Enquirer: 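Below you will find the structure I want to go over with you.
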Amino acid sequence: MSWFIRKEKGINTPTEMKREAPDGLWYQCPNCKKITPTREHKQNAFTCPHCNYHEKVGSDVYFNLLFDDNEFIELDANLISGDPLGFVDTKAYPDRIKSTMKKTGLKDAVRTGHGKMNGLDLVIACMDFSFIGGSMGSVVGEKIARAISYSLEKKIPFLMISKSGGARMMEAGFSLMQMAKTSARLAQLSEAKVPYISLLTDPTTGGVTASYAMLGDFNISEPEALIGFAGPRVIRETIGKDLPKGFQSAEFVLEHGFLDFIVDRKDLKDKLTSLLSMLK
Ligand SMILES: [Zn+2]
């Protein structure tokens with residue numbers, strides 16, 4: 001075994017000779033732990049080619065995926081949050097907003113835009129979970145309400161992509177009012193017979209589930225998304241019983257009649273296009 005014995009001790013590569021593997025070339029799936037090149041993962045609409053796990057993505061990805069050539073007019077891009085309650089937790093709310101804007105490059109937890117999807121006009125409101133857990137405050141509610149009014153005025157179908165932990169506690173009652181406001185606008189859209197499709201993605205919970213996310217002419221979801229109102233722990237403590245397996249998964253919710261269908265993100269554009277063509 002003499003060939004196996006290291007002649008010199010230690011590793012003697014000088015620092016300038018060391019090569020580092022560049023970051024971001026590989027994606028490790030948190031579900032099946034398998035590795036995929038980042039580029040392939042992106043081409044696959046950020047779903048795992050091995051187990052089809054749908055990675056959480058933001059509005060930029062959905063806009064790029066759905067709008068032809070990623071061309072769209074962003075609506076109310078500069079609406080930013082006030083601090084109606086002077087709220088302070090570990091940080092003052094305005095400071096939290098400012099640091100989150102800097103970190104994410106977003107202005108709040110939803111972006112709205114008008115563009116074409118396979119040639120069909122479409123208004124999309126898409127939530128960003130990276131902005132304070134996709135929480136719904138006044139700006140989120142107002143931007144969604146305005147996007148619905150825009151749809152109504154121009155008679156263009158409306159797609160809502162939800163991803164949210166629920167109402168924003170820093171705005172307390174003001175957040176809760178957004179539920180009524182957006183729901184009322186959606187009722188107007190419905191009266192005018194303009195189609196509304198709600199896509200629920202992982203996770204959609206709290207006041208968002210309890211308002212606009214469940215009011216679609218079609219309520220659809222990505223596979224295995226967490227969909228619920230209160231979290232499983234709160235429910236377990238309230239009813240004092242263990243919950244069934246897979247409780248609050250998109251598949252469970254579909255089986256119990258709350259969803260119309262589940263759509264793979266890779267098929268989303270085609271499915272939405274045929275659905276909207278039928279509703280025209
Ligand atoms: Zn996987």
Side-chain angles (χ1 to χ4, degrees), residues 43-47 52 54 57-75 110-127 143-164 182-202 204 208-227 249-280:
Q43 279 165 353
N44 224 20
F46 297 91
T47 62
N52 204 26
H54 281 49
V57 290
S59 55
D60 54 339
V61 170
Y62 283 104
F63 285 166
N64 192 9
L65 196 70
L66 295 175
F67 285 134
D68 300 340
D69 306 318
N70 200 22
E71 276 174 24
F72 61 97
I73 306 161
E74 188 160 352
L75 309 170
V110 74
R111 279 169 72 219
T112 53
H114 169 205
K116 288 197 188 277
M117 181 184 69
N118 288 327
L120 298 172
D121 273 294
L122 182 66
V123 174
I124 305 179
C126 182
M127 302 192 73
K143 282 178 85 165
I144 292 172
R146 289 188 192 186
I148 299 167
S149 295
Y150 183 95
S151 278
L152 185 63
E153 193 189 308
K154 298 194 182 294
K155 301 273 183 285
I156 298 171
F158 179 61
L159 169 69
M160 179 77 228
I161 303 174
S162 295
K163 186 185 286 293
S164 173
T182 50
S183 302
R185 293 282 170 99
L186 286 170
Q188 292 177 323
L189 200 65
S190 170
E191 271 169 32
K193 301 202 180 333
V194 178
Y196 167 40
I197 296 167
S198 173
L199 171 68
L200 291 81
T201 70
D202 186 48
T204 299
V208 169
T209 312
S211 60
Y212 53 82
M214 281 294 183
L215 292 174
D217 298 317
F218 288 87
N219 296 324
I220 64 178
S221 162
E222 287 188 346
E224 287 175 36
L226 173 82
I227 297 168
S249 68
E251 290 71 13
F252 187 92
V253 176
L254 174 74
E255 205 182 309
H256 290 79
F258 288 93
L259 290 178
D260 293 291
F261 56 88
I262 291 172
V263 57
D264 193 297
R265 194 184 291 151
K266 297 183 283 299
D267 307 327
L268 183 61
K269 189 168 180 175
D270 287 346
K271 282 259 171 85
L272 286 173
T273 306
S274 35
L275 188 58
L276 289 175
S277 308
M278 278 192 277
L279 296 172
K280 253 173 112 180

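Bear in mind the structure is a predicted one, so any value in this text is a computation, not a measurement.
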Enquirer: Show me the donor-acceptor pairs, under 3.5 Å and distance only, between side chains in residues 208-215 and residues at least two apart or in other chains.
Expert:
unit_1 : atom_1 : unit_2 : atom_2 : d
T209   : OG1    : T204   : O      : 3.1
T209   : OG1    : T205   : N      : 3.3
T209   : OG1    : G228   : O      : 2.8
S211   : OG     : G207   : O      : 2.8

Enquirer: List for me each residue that meets side chain to side chain contact (heavy atoms under 4.5 Å, CB included) alongside S277, sequence neighbours excluded, and say none if there are none.
Expert: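 Counting only residues at least two positions away or on another chain, S277 forms a side chain to side chain contact (heavy atoms under 4.5 Å, CB included) with L120, T273.
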Enquirer: Main chain of D267, side chain of D270: is a donor-acceptor contact present, judged purely on distance under 3.5 Å?
Expert: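 Not at all, since once roles are kept as given, no pair shorter than 3.5 Å links the two residues.
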Enquirer: Which residues pass the side chain to side chain contact (heavy atoms under 4.5 Å, CB included) test with L189, sequence neighbours left out?
Expert: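 Testing L189 for side chain to side chain contact (heavy atoms under 4.5 Å, CB included), a comparison that skips the adjacent residues, returns I148, S151, L152, F158, L186, V194, Y196.
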Enquirer: Nearest 0.5 angstrom please: L159 CG to M117 CE, how far?
Expert: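 Interatomic distance, L159 CG to M117 CE, rounded to 0.5 Å: 7.5 Å.
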Enquirer: Determine yes or no for a side-chain-to-main-chain donor-acceptor pair under 3.5 angstrom, with D260 supplying the side chain and N219 the backbone.
Expert: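 The answer is yes, because a donor-acceptor pair under 3.5 Å joins these two groups.
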Enquirer: Please give me the minimum heavy-atom distance between Y150 and V123, naming the atom from each residue.
Expert: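 Looks like CD2-CG2, 3.6 Å.
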Enquirer: What distance do L272 atom CG and N118 atom CG have between them, rounded to the nearest 0.5 Å?
Expert: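 Between atom CG of L272 and atom CG of N118 there are 9.5 Å.
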Enquirer: Assess whether a salt bridge exists between D68 and K269, defined as any Lys/Arg side-chain N lying under 4.0 Å from an Asp/Glu carboxylate O.
Expert: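 Looking at K269 together with D68, the answer is yes, because their closest N to O distance falls below 4.0 Å.
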Enquirer: Side chain to side chain contact (heavy atoms under 4.5 Å, CB included) with T47: which residues, sequence neighbours excluded?
Expert: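 For T47 the side chain to side chain contact (heavy atoms under 4.5 Å, CB included) partners, ignoring immediate neighbours, are N44, N52, H54, R265, K266.
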Enquirer: With a 4.0 Å cut-off, would you call E71 and K116 a salt bridge?
Expert: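 Answer for the salt bridge query: no.
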Enquirer: I'd like to check D60 versus R111 (side-chain heavy atoms, cut-off strictly below 4.5 Å). Are they in contact?
Expert: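 Of all side-chain heavy-atom pairs linking R111 with D60, at least one is under 4.5 Å.
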Enquirer: Can you check side-chain contact (heavy atoms from CB on, under 4.5 Å) on F63 and V61, steps first, answer last?
Expert: CA-CA 6 Å; F63 285 166; V61 170; over 6 Å; no
Enquirer: Can you check whether I124 reaches I161 side chain to side chain, under 4.5 Å on heavy atoms?
Expert: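 SC-SC contact between I124 and I161 confirmed.
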Enquirer: Given L65 and N70, is the side-chain contact (heavy atoms from CB on, under 4.5 Å) satisfied, shown in steps?
Expert: CA-CA 7 Å; L65 196 70; N70 200 22; over 6 Å; no
Enquirer: Would D121 and H114 count as a side-chain contact (heavy atoms from CB on, under 4.5 Å) if you check the C-alpha gap in whole Å, the side-chain angles of each, and the deciding distance to 0.1 Å?
Expert: CA-CA 7 Å; D121 273 294; H114 169 205; 2.7 Å; yes
Enquirer: Please, which pairs that meet salt bridge (Lys or Arg N to Asp or Glu O under 4.0 Å) have at least one residue in residues 143-159, sequence neighbours excluded?
Expert: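 Non-adjacent pairs meeting salt bridge (Lys or Arg N to Asp or Glu O under 4.0 Å): D76-R146, E142-R146.
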Enquirer: L268 versus L199: any side-chain heavy-atom pair under 4.5 Å?
Expert: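 The answer is yes; the side chains approach within 4.5 Å.
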Enquirer: Let me confirm one number: the OG-CG distance from S59 to N64, rounded to the nearest 0.5 Å.
Expert: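 Spacing of OG (S59) from CG (N64) equals 11.0 Å.
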Enquirer: Quick one: CD on E255 to CZ on F258, what's the gap to the nearest 0.5 Å?
Expert: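 It comes to 12.5 Å.
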Enquirer: Do the side chain of K163 and the main chain of M127 share a donor and acceptor less than 3.5 angstrom apart?
Expert: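 Not a single qualifying donor-acceptor pair exists.
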Enquirer: What's the separation between atom CD1 in I262 and atom CD1 in I227, rounded to the nearest 0.5 Å?
Expert: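 Atom-to-atom, I262:CD1 and I227:CD1 are 7.5 Å apart.
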Enquirer: Could you please spell out the steps behind the side-chain contact (heavy atoms from CB on, under 4.5 Å) verdict for I220 and L200?
Expert: CA-CA 6 Å; I220 64 178; L200 291 81; over 6 Å; no
Enquirer: Between S162 and T201, which heavy-atom pair has the shortest distance, and what is it?
Expert: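 Taking S162 first and T201 second, the nearest heavy atoms are O-OG1, 2.7 Å.
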Enquirer: Can any side-chain N or O of E224 pair as donor or acceptor with the backbone N or O of E251 at less than 3.5 Å?
Expert: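 Absent.
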Enquirer: Parallel, tilted or perpendicular, judged at 30° and 60°: which one describes the rings of F72 and F67?
Expert: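 Parallel.
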Enquirer: Which heavy atom in L259 sits nearest to a heavy atom in S221, and how many Å separate them?
Expert: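 Closest heavy-atom pair between L259 and S221: CD1-CB, 3.5 Å.
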Enquirer: Can you list everything that forms a side chain to side chain contact (heavy atoms under 4.5 Å, CB included) with P195? Sequence neighbours excluded, please.
Expert: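 Partners of P195 under the side chain to side chain contact (heavy atoms under 4.5 Å, CB included) test: P157, D217, L276, L279.
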